[in-house]
Amino acid sequence: MTLVASDIMTPHIKSVPASWTMQKFGAFLAQNGISGSPVVNDRNEVVGIATLSDIADFHLNHVDTNYDAQMTPEEQKEARRLRQFIFEEMVKVPVEVGDIMSPILLYVTESTPLSEVAELMMKEHLHRIFVMRDKKVVGIITTYDMLKVLKESLN
C-alpha cells in the first residue's frame with residue numbers, strides 16, 4: 001500500500017489572522033507548543049505561513065553582510081548604537097503577522113504520495129508543508145511526521 005499525505009498529516013490546523021500583532025502571534029505559538037502556523041486574510045483564505053524563525057529574523061534584522069569587517073572600531077560601535085535605537089523604536093510600532101510571513105507557494109493535496117511529499121520537502125528545504133483541499137488547509141505534514149513513518153518502516 002502506498003502511503004499518501006492524508007495518511008500521516010495532522011488535521012485541524014490552527015490558523016492566525018494576518019492582522020495579528022507579532023507579539024500576539026508569538027504568544028499563540030508558545031501557548032500551543034507549535035513553531036509555525038498558516039496565515040489567513042479577512043476572507044479566511046490562506047495567504048502565507050509565519051514561524052518562530054520569521055519572528056527571530058525580524059528582531060535580528062537578519063541580513064548577511066560583511067560591512068562590520070570593513071568598519072573601524074568606532075564605526076562598529078556607532079552601528080551597534082544605531083541598530084539598538086532602531087530596534088527600540090520598532091517595538092513601539094505594531095508589526096503584523098502579514099508583515100513577517102512568507103507567502104505559501106508550495107503545498108500538497110491529500111492524495112499526494114509520501115515519496116512526492118518527501119521529495120518536495122527536501123528540494124525546497126521545508127520543515128513543514130500544508131495539505132490543501134479546495135483552497136483550504138486541511139492538514140500539515142512536518143519533518144517529524146516523516147521521521148515517524150521512516151521509524152515505523154524500519155521496525
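All residue numbers refer to positions in the sequence shown, counting from 1.
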Heavy-atom closest contact ([X] atom, [Y] atom, distance):
X: Thr2; Y: Pro113; result: CG2-CB, 4.3 Å
X: Glu78; Y: Arg81; result: OE2-NH2, 2.6 Å
X: Leu120; Y: Tyr107; result: CD2-O, 4.2 Å
X: Pro17; Y: Val97; result: O-CB, 3.9 Å

Donor-acceptor pair, side chain of Glu75 and main chain of Thr72, under 3.5 angstrom: yes
Can you measure from [atom1] ([X]) to [atom2] ([Y]) and round to the nearest 0.5 angstrom?
X: Leu106; Y: Lys123; atom1: CG; atom2: NZ; result: 8.5 Å
X: Leu3; Y: Thr112; atom1: CG; atom2: OG1; result: 13.0 Å
X: Met121; Y: Ile129; atom1: CE; atom2: CD1; result: 6.5 Å
X: Lys136; Y: Ile13; atom1: NZ; atom2: CD1; result: 15.0 Å
X: Ser37; Y: Met101; atom1: OG; atom2: CE; result: 12.0 Å
X: Glu96; Y: Gln23; atom1: CD; atom2: CD; result: 11.0 Å

Stepwise, does the side chain to side chain contact (heavy atoms under 4.5 Å, CB included) test hold for Asp145 with Thr10? CA-CA 8 Å; Asp145 296 321; Thr10 301; 3.9 Å; yes
Check Lys77 with Glu74, please: is the shortest side-chain N to carboxylate O separation under 4.0 Å? no
Determine whether Val95 and Ile100 satisfy the following criterion, side chain to side chain contact (heavy atoms under 4.5 Å, CB included), listing intermediate values before the conclusion. CA-CA 8 Å; Val95 176; Ile100 65 166; 3.9 Å; yes
ILVMFWY cluster, Leu147 and Leu154 together (side-chain gap under 4.5 Å): yes
Is it the case that over 12 heavy atoms from other parts of the model lie below 6.0 angstrom from the [atom1] atom of [X]?
X: Glu110; atom1: CD; value: yes
X: Asn155; atom1: CG; value: yes
X: Lys14; atom1: NZ; value: no

For a side chain to side chain contact (heavy atoms under 4.5 Å, CB included) with Met132, tell me which candidate from Val108, Thr109, Val137 qualifies. Val137
Scan Val138, Ile140, Thr142 and name whichever one has a side chain to side chain contact (heavy atoms under 4.5 Å, CB included) with Met9. Val138
Do any pairs count as a ring-ring contact (aromatic ring centres under 6.0 Å, His included) and have a residue in residues 122-155, sequence neighbours left out, and if so which ones? none
Heavy atoms, side chains only, cut-off 4.5 Å: are Leu114 and Asp7 in contact? no
Do Lys148 and Ile8 come close enough that some side-chain heavy atom pair is under 4.5 Å? no
Just distance, no hydrogens or angles: give the donor-acceptor pairs under 3.5 Å from side chains in residues 38-56, sequence neighbours left out.
from	atom 1	to	atom 2	distance (Å)
Asn41	OD1	Arg43	N	2.9
Asn41	OD1	Asn44	N	3.2
Asn41	OD1	Glu45	N	2.9
Asn41	ND2	Glu45	OE1	2.9
Arg43	NE	Glu45	OE1	3.3
Arg43	NH2	Glu45	OE1	3.2
Thr51	OG1	Ser53	N	3.3
Thr51	OG1	Asp54	N	3.3
Thr51	OG1	Asp54	OD2	3.3
Asp54	OD2	Thr51	N	2.9

